[in-house]
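Report on one structure; see the data block that follows.
All figures in this text were calculated on a predicted structure; none of them were measured in a lab. Within every chain, numbering begins at 1; the chains are lettered A, B, ... in the order of the sequence lines, protein sequences first and strands thereafter. Computed from heavy atoms alone, side chains included, the values below leave out hydrogens, waters and symmetry copies.
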Amino acid sequence: MIDIRLVREQPDVVKTALGRRGIPPAEVDVLVALDADHRAALARQEALRAQVKALSRQVGEARKAKDEARASQLADESRRVGEEERGAAEETDRLADELRSLLLVTPNLPADDAPDGAGPEDNVVGRRWWPGMDAGRPEPEPAAHQRVPHWDVGAELGILDMPRGARMSGSMFPLFRGAGARLLRALTSLALDRHATAWEEIRPPTMVLTETLTSTGHLPKFADEAYHVERDDLWLIPTAEVPLASMHRGEILEEADLPVRLTAVTACFRREAGAAGRDTRGLLRVHEFDKVELFAFTTPAQAAEAHADMLARAEALLQALELPYRVVDLCTGDLGAWAKRTFDLEVYAPGADRWLEVSSVSWVGDYQARRATIRYRPADGGPTQLVHTLNGSALAWPRIWAAVVEWGRQEDGSVRLPEVLTPWFGPAPVIRAR
RNA sequence: GGAGGGAUGGCAGAGCGGACGAAUGCGCGGCUCUUGAAAAGCCGUGGGACUCCGGUUCCCGUGGGUUCGAAUCCCACUCCCUCCGCCA
């Protein structure tokens with residue numbers, strides 16, 4: 001949630017910021033008006049409440065003084081004021097609900113330095129990297145044998161079995177087998193071992209409460225995108241960001257304990273309702289996939305460094321895996337609802353001939369912290385403040401799997417794996433047909 | 001799934017219808033004493049909302065209810081503990 005106080009005190013700042021996302025200023029005016037009404041109602045209610053409390057106290061005193069007549073007279077009056085208060089409370093609650101519902105679907109204010117734009121076409125493509133770039137080698141040109149899409153390579157080698165995945169779960173549920181499954185396991189181990197130096201490894205639950213999914217911003221706005229287990233009213237997480245953000249929900253942390261940095265691998269579940277019919281082949285878009293996530297709780301001052309660190313970690317993995325990639329600075333029109341600034345990492349996949357988003361690293365500011373009331377006590381003893389949260393994938397495996405397999409494909413059809421996977425596949429790692 | 005017990009401040013733990021946002025202890029912060037430290041003593045120490053900055057109000061697991069008045073009584077739910085059953 002954005003700060004209602006900022007909306008109240010500097011509505012123009014909020015209008016300008018949300019305007020960059022294409023939100024009309026009238027929506028901010030609605031917030032301002034609702035907030036004013038709510039506060040007026042609250043003041044009325046609290047005045048009545050104070051009256052009830054004062055009268056009740058006097059009832060007790062009258063009783064003690066054995067003045068029954070006065071006691072019952074005061075009680076009658078208190079009852080009358082109490083009824084009035086109940087009416088006022090209903091009005092206050094109604095307005096509070098209305099305000100909160102609106103606030104819950106209002107997106108975050110983008111960072112000042114996030115590029116302006118209307119949609120994905122306006123994203124800013126930044127630096128690029130490819131193996132050997134530092135040594136002055138030119139960008140690699142895929143050979144004919146690398147122009148085979150991973151779903152074909154996977155079928156040839158028997159390491160990806162989409163038809164059987166569909167048999168058990170329907171389309172877009174991949175089934176990896178043999179060396180293909182091992183490759184996923186290797187990638188996860190590689191990533192977690194690297195992160196574990198500074199980031200605490202977590203294995204969170206993958207089914208969560210409605211409140212947990214609301215804290216991050218996924219609910220109520222994006223309910224159609226998530227799988228819901230009706231009988232138990234639990235949701236399957238679309239990313240480990242969701243449970244990790246709730247690690248400290250409702251807590252007040254000490255500044256000395258910040259930043260808190262977490263890493264986790266989980267399955268991620270997405271209905272992809274809005275993308276039906278698009279990217280249906282292979283691993284481009286699937287309903288269930290494994291992803292290693294980084295998540296940080298920081299002070300506002302620590303956020304920039306944490307953001308850079310996350311991005312650097314994701315990039316380091318791509319470099320270790322020898323995959324050409326580019327950094328994309330998301331424009332205000334493509335930024336996720338809760339993000340202030342996001343960098344996507346896209347890997348080029350020569351077989352599918354597409355840039356694939358394999359990581360998204362976001363600075364969320366206090367947007368989630370306010371929804372989840374996650375605060376910290378400053379070391380100087382000042383009042384508690386909301387923390388900042390950041391999240392980033394490092395990395396999402398199916399698309400990495402696809403890129404590794406396509407780039408690695410050799411003339412004889414086997415797949416040469418990056419050297420960094422030697423611990424799992426032996427020296428000069430290769431996947432051959434079974 | 002069944003039976004019982006519990007949920008109060010950073011922690012432990014009182015309170016069980018009237019000035020209780022809450023005793024006491026521990027912890028933590030400050031001060032006194034001391035060459036310094038310890039000990040001792042004194043003082044302070046939860047979070048939020050609104051505010052005409054005087055205050056007002058909310059929070060004792062969550063949500064309802066009873067009452068002039070609820071941490072205290074009633075109902076429902078959630079979570080934790082013990083025992084039984086089942087189980088990877």
For [X], answer base if it contacts any base atom (sugar-phosphate contacts may also be present), sugar-phosphate if it contacts only those atoms, and nothing otherwise; contact means non-hydrogen atoms under 4.0 Å.
| X | value |
| --- | --- |
| A:R63 | base |
| A:R70 | nothing |
| A:R80 | nothing |
| A:L42 | sugar-phosphate |

Taking only the side-chain nitrogens and oxygens of [X], find out if one of them lies under 4.0 Å from OP1 or OP2 of [N].
| X | N | value |
| --- | --- | --- |
| A:R39 | B:U51 | yes |
| A:R5 | B:A49 | yes |
| A:R377 | B:G47 | yes |
| A:T384 | B:G48 | yes |

- Query: So, is B:G41 syn or anti if syn means the angle is within 90° of 0?
  - Reply: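 Here the answer is anti: the torsion falls beyond 90° from 0.
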
- Query: Which ring-ring contact (aromatic ring centres under 6.0 Å, His included) pairs, counting each pair once, include a residue from residues 292-323 of chain A, with sequence neighbours left out?
  - Reply: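 Only A:H248-A:F297, A:F295-A:F297, A:H307-A:F343 qualify under ring-ring contact (aromatic ring centres under 6.0 Å, His included).
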
- Return yes if the base of B:A19 and the side-chain atoms of A:E61 contain a donor-acceptor N/O pair under 3.5 Å, otherwise no.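 Flag set: donor-acceptor pair detected.
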
- Task: Kindly write out the residues that satisfy salt bridge (Lys or Arg N to Asp or Glu O under 4.0 Å) with A:R63, not counting sequence neighbours, or none if the list is empty.
- Result: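 Salt bridge (Lys or Arg N to Asp or Glu O under 4.0 Å) check on A:R63 returns A:E68.
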
Take the protein atom [atom1] of [X] and the nucleotide atom [atom2] of [N], then report the distance between them rounded to whole Å.
| X | N | atom1 | atom2 | value |
| --- | --- | --- | --- | --- |
| A:Q45 | B:U51 | CD | P | 15 Å |
| A:D232 | B:G1 | CG | P | 10 Å |
| A:H38 | B:A49 | NE2 | P | 12 Å |
| A:R370 | B:A49 | CZ | C1' | 14 Å |
| A:L253 | B:G47 | CG | C1' | 14 Å |
| A:L99 | B:A49 | CG | P | 14 Å |
| A:D97 | B:G63 | CG | C1' | 13 Å |
| A:D76 | B:G69 | CG | C1' | 14 Å |

- How far, in whole Å, is B:U45 from B:A7 if one measures between their C1' atoms?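 One C1' to the other, the span is 25 Å.
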
- Message: Please give the distance between the C1' atoms of B:A70 and B:G65 as a whole number of Å.
- Response: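 Rounded to whole Å, the distance is 11 Å.
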
- Query: Quick one: salt bridge (Lys or Arg N to Asp or Glu O under 4.0 Å) pairs with a partner in residues 312-321 of chain A, sequence neighbours left out?
  - Reply: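 Matches after skipping sequence neighbours: A:R127-A:E315, A:D309-A:R313.
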
- Item | Sequence neighbours excluded, every pair satisfying salt bridge (Lys or Arg N to Asp or Glu O under 4.0 Å) that has a member inside residues 176-190 of chain A |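 Residue pairs with at least one partner in residues 176-190 of chain A: A:D161-A:R177.
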
Does [N] pair with anything, Watson-Crick or G-U wobble, both distances under 3.5 Å, and if so, with which nucleotide?
| N | value |
| --- | --- |
| B:U82 | B:A3 |
| B:C52 | none |
| B:A22 | none |

- Message: If you compare all heavy atoms of A:I252 against all heavy atoms of A:R377, which two are closest, and at what distance to 0.1 Å?
- Response: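 Result for this residue pair: CG2-NH2, 3.8 Å.
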
Quick one: which protein N/O atoms are closer than 3.5 Å to N/O atoms of nucleotides 57-59 of chain B? Pair and distance per line, please.
from	atom 1	to	atom 2	distance (Å)
B:U57	O2'	A:E46	OE2	3.2
B:C58	OP1	A:R49	NE	2.6
B:C58	OP1	A:R49	NH2	3.4
B:C58	OP2	A:K53	NZ	2.9

- Sequence neighbours excluded, every pair satisfying side chain to side chain donor-acceptor pair (under 3.5 Å) that has a member inside residues 103-112 of chain A: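 Matches after skipping sequence neighbours: none remain.
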
- Distance from A:R261 atom CZ to A:T197 atom OG1, nearest 0.5 Å?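 Rounded to the nearest 0.5 Å, the CZ-OG1 separation comes to 8.5 Å.
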
- Item | Parallel, tilted or perpendicular: ring planes of A:Y227 versus A:F173, cut at 30 and 60 degrees |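 Correct class here is tilted.
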
